[in-house]
Amino acid sequence: MTQGFQKVAAIRGMNDVLPGVGARWEQFEEIVRNWLHAYGYRNVRTPVLEHTRLFARGIGEVTDIVEKEMYTFTDALNGESLTMRPEMTAGIVRASIEHNLLYDRPHRVYSLGPVFRHERPQRGRYRQFHQIDVEALGFTGPDVDAELIVMLARLWKLLGLTDVRLELNSLGQPAERAAHRAALIEHLERHRDVLDEDGLRRMYSNPLRVLDTKNPAMQAMADSAPRLFDFLGDESRAHFDGVRQRLDDAGIGYRLNPRLVRGLDYYNLTVFEWVTDRLGAQGTVCGGGRYDGLIELLGGKPAPAVGFAIGMERLLDLWDQTAPPAAVPECEIYIVHQGDDAQRLAAKVGEQLRDAGLSVIVHAGAASFKSQFKRADASGARVAVILGADEVASATAGVKPLRGTADGAGQEQVPLAQLAQFVRQPQ
């Protein structure tokens, strides 16, 4: 006796995207690709799986991502440690080094796809989620930093979003950060009694991240900490002033946030986040900045770079609140048929209509016209094409509008030779 198989559900925090929602994703992705193309960005695709050392080196060994959140395993074939990518920048930089992408000129690139972090699932935070990752590789000046932010303002406009705010900071250069780090550690040591377990653990390994605390008991300590901005030299200040000036030129408002550090170690100079109050605790929609040292850190020749990442699920959530999705039709034309000869003809007519650039569903199997019309209506098609014995004999098709007419109204008989031209016109 065969034991029953226990049904399998999706892993918690890794969600299915079903057909109706999938159509919304496709609509969103088309907007995103057209937006990126308008700024000259080209698509790259890197593997989901990379060597663990890439992320440990690139992201930082004492970041939350590397310490707690990566899906890492040992390859049974060769004993190598591999990791499901928790973000995309390190992989794109690895690919640019491996394939000498920056040998002849800078590049503007983007990637869309899933990333993986072992976090506690909640709204806007999943274990498999999707990112739009945009990178400008080989560009030095504040003009490109500002261009990326202006790009994002255009995307919010395309999506009709009005309540996404920009926060801006500069992290300076390594020597400036080192001087600030020493002052910050001294400050933390004086306030050791208010640090929580995470703050104590990071006090020497990653003190800047201690200031990014959400612990209310540590807010006063964080507010009184030395500001990195006060340690910036003339070049770093000039770069930041250049970014701000260009944002002012574009009419983009922002809030200076001296505690904005981002969660990855590779940033320098400009960092930014776009945030909202409409997604609960997960209010960061987009984050990014400049990372001029990462390419050299991962073994390449020194080259500047700047980029950002957008959480697609969060942005879709925000877009759906702003512009609730309308049902997306499954097809434009639905072909109903009765009889074996009509069914065979329907398959042929369907291909001819697709040749003409139309999306078509041919009803599968045999069923009554009433049942087929019910399915045609549910598909969202604007027109039903009807084939029966009379139509087969006369080489014609019935054409019935399914939207905006009274039941049974508007049906016409059309010669098959003229069918594609006829159904392409608004009914």
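Keep in mind the model is a prediction, meaning the values are calculated, not measured.
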Using only atom types and a distance under 3.5 Å, with no angle test, would you say the side chain of [X] pairs donor to acceptor with the backbone of [Y]?
X	Y	value
Glu296	Gly293	no
His187	Met221	yes
Asn43	Tyr110	yes
Asn34	Glu30	yes
Glu313	His130	yes
Gln372	Ala367	yes
Arg314	Leu279	no
Asn215	Ala217	yes
Glu87	Ala90	yes
Arg382	Val423	yes

Would you call [X] and [Y] a side-chain contact if the rule is heavy atoms closer than 4.5 Å?
X	Y	answer
Val399	Ile386	no
Ser96	Leu137	yes
Asp292	Val306	no
Leu171	Arg177	yes
Thr162	Trp156	no
Leu419	Leu353	yes
Pro142	Thr270	no
Tyr126	Arg117	no

Quiz item: Around Lys68, counting heavy atoms of other residues, nucleotides and ligands shown, do more than 12 lie under 6.0 Å from its NZ?
Solution: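 Above 12, so yes.
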Neighbour count >12 (heavy atoms, 6.0 Å) for atom CD, Gln219: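 Atom CD in Gln219 is crowded, with more than 12 foreign heavy atoms closer than 6.0 Å.
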Donor-acceptor side-chain pairing of [X] and [Y] below 3.5 angstrom:
X	Y	value
Thr74	Glu80	no
Asp145	His239	yes
Asn169	Asn257	no
Arg154	Tyr39	yes
His107	Arg42	yes

### Aromatic Tyr334 / basic Lys400 pairing, under 6.0 angstrom, 45° off normal
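So Lys400 doesn't make the cation-pi contact.
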* Can Arg290 be said to sit on top of Phe272's aromatic six-ring, NZ or CZ under 6.0 Å from centre and within 45° of the ring axis? ->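 Pair Arg290/Phe272 does not count as cation-pi.
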| field | Non-neighbouring partners of Thr83 that pass side-chain contact (heavy atoms from CB on, under 4.5 Å), sequence neighbours left out | value |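 In terms of side-chain contact (heavy atoms from CB on, under 4.5 Å), with neighbours along the sequence ignored, Thr83 is linked to Thr52, Phe55, Met70, Thr72, Pro86.
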Item to complete: Report the residues that fulfil side-chain contact (heavy atoms from CB on, under 4.5 Å) with Arg127, sequence neighbours left out, ordered by chain and then residue number.
Response: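 With neighbours one apart ignored, the set is Arg12, Met14, Tyr71, His118, Pro121.
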Compare every heavy atom of [Y] with every heavy atom of [X], then report the nearest pair and how far apart it is.
X	Y	answer
Ala303	Leu102	CB-CD1, 3.8 Å
Pro207	Ser205	CD-C, 3.8 Å
Ala327	Pro329	O-CD, 3.7 Å
Pro47	Arg85	O-NH1, 3.7 Å
Met312	Ile132	CG-CG1, 3.5 Å
Leu168	Phe240	CG-CE1, 3.7 Å

Nearest-0.5 Å distance, [atom1] of residue [X] to [atom2] of residue [Y]:
X	Y	atom1	atom2	answer
Thr284	Trp274	OG1	CH2	13.0 Å
Gln352	Asp355	CD	CG	7.5 Å
Leu200	Arg202	CG	CZ	12.0 Å
Leu159	Thr322	CG	OG1	8.5 Å
Ile97	Leu294	CD1	CG	7.5 Å
Ser379	Ile361	OG	CD1	5.5 Å

Practice task
Step by step, work out the side chain to side chain contact (heavy atoms under 4.5 Å, CB included) result for Arg246 and Asp143.
Solution key: CA-CA 7 Å; Arg246 286 163 175 81; Asp143 54 333; 3.5 Å; yes
**Study point:** Whether Phe28 and Trp319 hold their rings parallel, tilted or perpendicular, with breakpoints at 30° and 60°
**Key:**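 Judged by the thresholds at 30° and 60°, the geometry between Phe28 and Trp319 is tilted.
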Using the salt bridge (charged side-chain N to carboxylate O under 4.0 Å, His left out) rule, take Asp377 and Arg403 through it: C-alpha gap first, then chi angles, then the decisive distance, then the call.
-> CA-CA 9 Å; Asp377 187 61; Arg403 303 283 174 261; 2.8 Å; yes
Exercise for review: Output, in order, the C-alpha distance, side-chain angles, deciding distance and verdict of side chain to side chain contact (heavy atoms under 4.5 Å, CB included) for Val109 and Tyr41.
Suggested key: CA-CA 5 Å; Val109 298; Tyr41 281 79; 5.5 Å; no
*Evaluate salt bridge (charged side-chain N to carboxylate O under 4.0 Å, His left out) for Asp241 paired with Arg237, printing each intermediate quantity in order.*
CA-CA 6 Å; Asp241 288 344; Arg237 286 179 179 271; over 6 Å; no
Would Phe129 and Phe116 count as a ring pair (Phe, Tyr, Trp, His ring centres under 6.0 Å) here? Give the steps. CA-CA 7 Å; Phe129 58 102; Phe116 304 85; 8.3 Å; no
Audit row: Arg108, Leu36, side chain to side chain contact (heavy atoms under 4.5 Å, CB included) steps and yes/no: CA-CA 10 Å; Arg108 289 175 166 90; Leu36 290 164; over 6 Å; no
Quiz item: Is it true that Arg278 and Asp317 have a side-chain N and a carboxylate O under 4.0 angstrom from each other?
Solution: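 Between Asp317 and Arg278 there is no salt bridge, as every charged N stays at least 4.0 Å from the carboxylate O atoms.
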Original post:
Salt bridge between Arg201 and Glu67, side-chain N to carboxylate O under 4.0 Å?
Top reply: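 A salt bridge is present here (some side-chain N lies under 4.0 Å from a carboxylate O).
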Worksheet item: Passes salt bridge (charged side-chain N to carboxylate O under 4.0 Å, His left out), Asp230 versus Arg227? Steps please.
Response: CA-CA 6 Å; Asp230 294 332; Arg227 299 193 319 160; 3.2 Å; yes
Quick one: do Leu161 and Leu315 satisfy side chain to side chain contact (heavy atoms under 4.5 Å, CB included)? Show the steps, please.
CA-CA 10 Å; Leu161 306 181; Leu315 188 52; 3.5 Å; yes
* Which pairs count as salt bridge (Lys or Arg N to Asp or Glu O under 4.0 Å) when at least one residue sits in residues 43-59, sequence neighbours excluded? ->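 Sorted pair list: Glu50-Arg94.
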